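Here the structure comes first, spelled out in structure tokens, and everything after it is commentary.
In the text below, chain A, chain B and the rest are named by the order of the sequence lines, each starting its count at 1. None of the values given here were measured: they were computed from a predicted structure.
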2 protein chains.
Amino acid sequence: MAQSASNTVLVESGRDRILDEAAALFLRHGYEGASLRQLAETVGMKAGSLYYHFASKDDLLTEILRRGIDVMQTAFDEAETASADVRPVARVEAHVRAHLSALFENGPYTAAHVMTFRTAPETVREVVVPLRDAYEARWTEMLRLLQADGAIDPTVDVNVIRLVLFGAMNASVEWFDTDRGNLDRFAAAITAQFWNGVGA
Amino acid sequence: MAQSASNTVLVESGRDRILDEAAALFLRHGYEGASLRQLAETVGMKAGSLYYHFASKDDLLTEILRRGIDVMQTAFDEAETASADVRPVARVEAHVRAHLSALFENGPYTAAHVMTFRTAPETVREVVVPLRDAYEARWTEMLRLLQADGAIDPTVDVNVIRLVLFGAMNASVEWFDTDRGNLDRFAAAITAQFWNGVGA
DNA sequence: CACCCTACCTAACGTTCGTTAGGTAGGCAA
DNA sequence: TTGCCTACCTAACGAACGTTAGGTAGGGTG
């Protein structure tokens with residue numbers, strides 16, 4: 001009942017705790033809108049002490065953006081192995097569910113990533129862009145294969161439909177409420193809209 | 001050939017000029033990430049002089065967010081009268097085109113709105129939320145009528161598909177390049193994806 | 001016991017921020 | 001010519017920012 005030993009603690013401390021709270025703060029107020037003193041107070045220390053764990057505020061953001069991608073990649077991995085031989089639409093739904101899981105169920109890193117990346121300092125973006133590209137390439141490749149197999153409309157631009165789908169999923173961070181909505185149902189709804197459309 | 005008289009000047013000045021550049025700056029760097037000194041230098045004046053035109057930075061943002069909605073509302077009006085009696089999917093496409101027009105063809109206000117609203121100060125949001133709600137209600141009502149007429153799948157949640165569509169359209173600010181892509185074609189593509197889906 | 005390393009703290013540095021008070025050049029009106 | 005109004009400017013204010021240098025309590029190790 002009480003926490004046992006090593007893996008996940010009820011209230012973590014140190015570096016991971018800082019990253020968690022920083023990601024949540026950046027998500028809510030934006031990168032420039034959140035101050036280190038605000039962050040320090042949230043985690044219960046003084047601003048200067050943060051520099052024992054991180055070289056700079058930019059460095060902190062870089063780490064958060066990196067973790068955001070790691071979470072997405074891991075989710076993609078799991079969806080890939082879990083949906084190895086299901087029909088195309090179910091495969092897409094598995095990956096949609098995985099991406100939503102990254103956004104809502106694995107800490108604030110992915111949500112903070114998709115919301116703060118655009119206005120991040122150039123030096124930070126430079127580091128993260130290749131990682132982003134790699135993740136997006138996996139999606140594009142998956143959709144490209146489905147199109148080659150005849151499962152996706154051959155007239156659509158795979159890159160465009162991916163960006164549209166990403167926009168829809170990522171924007172849900174702004175309005176989807178995990179307390180009120182069910183993520184499985186939401187993934188099913190967004191996949192149905194993506195695959196079949198809404199026309200009667 | 002040279003500009004004539006009143007309506008639109010090649011290079012505007014004064015208050016409108018400030019708003020234009022401020023919206024562009026807020027869009028690029030976020031509200032907190034853009035400074036008034038940066039803005040002042042862009043429009044060719046000193047930071048303090050901005051206060052002749054605006055009471056505060058928050059006030060400036062409020063005006064920009066308000067204009068962003070005005071542009072959307074106007075675009076919606078035009079789409080509504082232009083697509084009064086066309087088939088449902090064409091009606092939706094007209095409104096998608098109108099929203100994209102607001103985002104890309106009528107100054108940076110709407111784009112700045114959708115990108116900075118989320119992290120705007122609470123006092124600013126309070127003022128703008130009712131205006132936002134009014135615009136979103138028009139969309140919901142339109143889709144609701146289409147569903148009542150049997151043109152939209154009766155099993156979908158109109159509010160969810162609207163939010164998903166909004167997410168897709170608004171996120172395109174991040175990646176769609178007006179110099180390379182055609183907005184008519186993009187509106188057609190996004191509408192087709194919305195209406196018919198991408199499944200073969 | 002002596003030592004050291006971890007994880008903080010205090011206190012300040014210089015910079016930048018939004019903002020304000022008071023001044024002024026130029027145009028238009030009486 | 002005098003006076004006012006518009007649209008700026010200069011100069012500074014206090015606050016907040018990211019960041020750094022130096023100090024220290026406490027636990028683990030020899």
Side-chain angles (χ1 to χ4, degrees), chain A residues 5-6 9-65 112 116 119-127, chain B residues 5-6 9-65 112 116 119-127:
Chain A
S6 57
V9 207
L10 276 90
V11 172
E12 58 193 346
S13 68
R15 191 182 148 92
D16 281 342
R17 173 81 201 291
I18 295 172
L19 282 165
D20 266 30
E21 300 291 354
L25 274 176
F26 292 170
L27 175 57
R28 225 178 295 275
H29 303 108
Y31 175 60
E32 312 263 5
S35 76
L36 293 183
R37 285 175 172 83
Q38 204 177 358
L39 170 61
E41 199 188 11
T42 307
V43 302
M45 57 172 67
K46 296 307 168 74
S49 306
L50 295 169
Y51 284 79
Y52 174 76
H53 299 281
F54 301 95
S56 68
K57 196 187 180 189
D58 279 13
D59 185 60
L60 212 164
L61 177 61
T62 304
E63 176 78 18
I64 287 171
L65 296 182
T116 65
T119 55
E122 192 56 38
T123 55
V124 173
R125 279 232 295 281
E126 276 174 6
V127 179
Chain B
S6 57
V9 206
L10 277 89
V11 172
E12 58 192 345
S13 68
R15 191 183 148 90
D16 281 343
R17 173 82 202 290
I18 295 172
L19 282 165
D20 267 29
E21 300 291 354
L25 273 176
F26 292 169
L27 174 58
R28 224 179 295 276
H29 302 109
Y31 175 60
E32 313 263 6
S35 76
L36 293 183
R37 284 175 173 83
Q38 203 178 359
L39 170 59
E41 199 187 12
T42 308
V43 302
M45 56 172 69
K46 296 306 169 74
S49 306
L50 296 169
Y51 284 79
Y52 175 76
H53 299 281
F54 301 95
S56 68
K57 196 188 181 190
D58 279 13
D59 185 60
L60 212 165
L61 177 61
T62 304
E63 175 78 18
I64 287 171
L65 296 183
T116 65
T119 55
E122 192 56 37
T123 56
V124 174
R125 279 231 295 280
E126 277 174 7
V127 178

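- Every residue two or more places apart in sequence or in another chain was checked for a side-chain contact (heavy atoms from CB on, under 4.5 Å) with A:Arg28, and none qualifies.
- When DNA chain D is scanned 5' to 3' for any atom under 4.0 Å from a heavy atom of chain B, the first and last hits are D:dT6 to D:dA12.
- B:Ser35 has a side-chain polar atom (N or O) that falls below the 4.0 Å cut-off from OP1 or OP2 of C:dC17.
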- Message: Using the rule given for salt bridge (charged side-chain N to carboxylate O under 4.0 Å, His left out), can you reason through A:Glu41 versus A:Arg37, listing the C-alpha separation, both sets of side-chain angles and the distance that settles it, and then say yes or no?
- Response: CA-CA 6 Å; A:Glu41 199 188 11; A:Arg37 285 175 172 83; over 6 Å; no
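- Nucleic acid contact class of B:Lys46 (heavy atoms, under 4.0 Å, all strands): base.
- By the side-chain hydrogen bond (donor to acceptor under 3.5 Å, both in side chains) test, A:Asp16 is found to be paired with A:Arg67, residues two or more places apart in sequence or in another chain being considered.
- Backbone-only contact: A:Ala34 has heavy atoms under 4.0 Å from sugar-phosphate atoms and none from a base.
- B:Lys57 places its NZ atom 4 Å from the P atom of C:dG18, with the value rounded to the nearest Å.
- Protein atom CG of B:Asp59 is 13 Å distant from nucleotide atom C1' of C:dT19, rounded to whole Å.
- The side-chain contact (heavy atoms from CB on, under 4.5 Å) check on B:Glu126 picks up B:Glu122, with sequence neighbours excluded.
- Comparing A:Ile18 and B:Gln38, the nucleotide of DNA chain C nearest to each residue sits closer to the 5' end for A:Ile18.
- Counting to the nearest Å, the P atom of C:dT6 and the CZ atom of A:Phe54 are 16 Å from each other.
- A ring pair (Phe, Tyr, Trp, His ring centres under 6.0 Å) check over residues 30-65 of chain A, counting only residues at least two apart or in different chains, returns the pairs A:Phe26-A:Tyr31.
- If A:Tyr52 and A:Gly48 are placed on DNA chain C by their nearest nucleotide, the residue sitting closer to the 5' end is A:Tyr52.
- Listed by chain and number, the residues in a side-chain contact (heavy atoms from CB on, under 4.5 Å) with A:Glu32 are B:Glu32 (sequence neighbours excluded).
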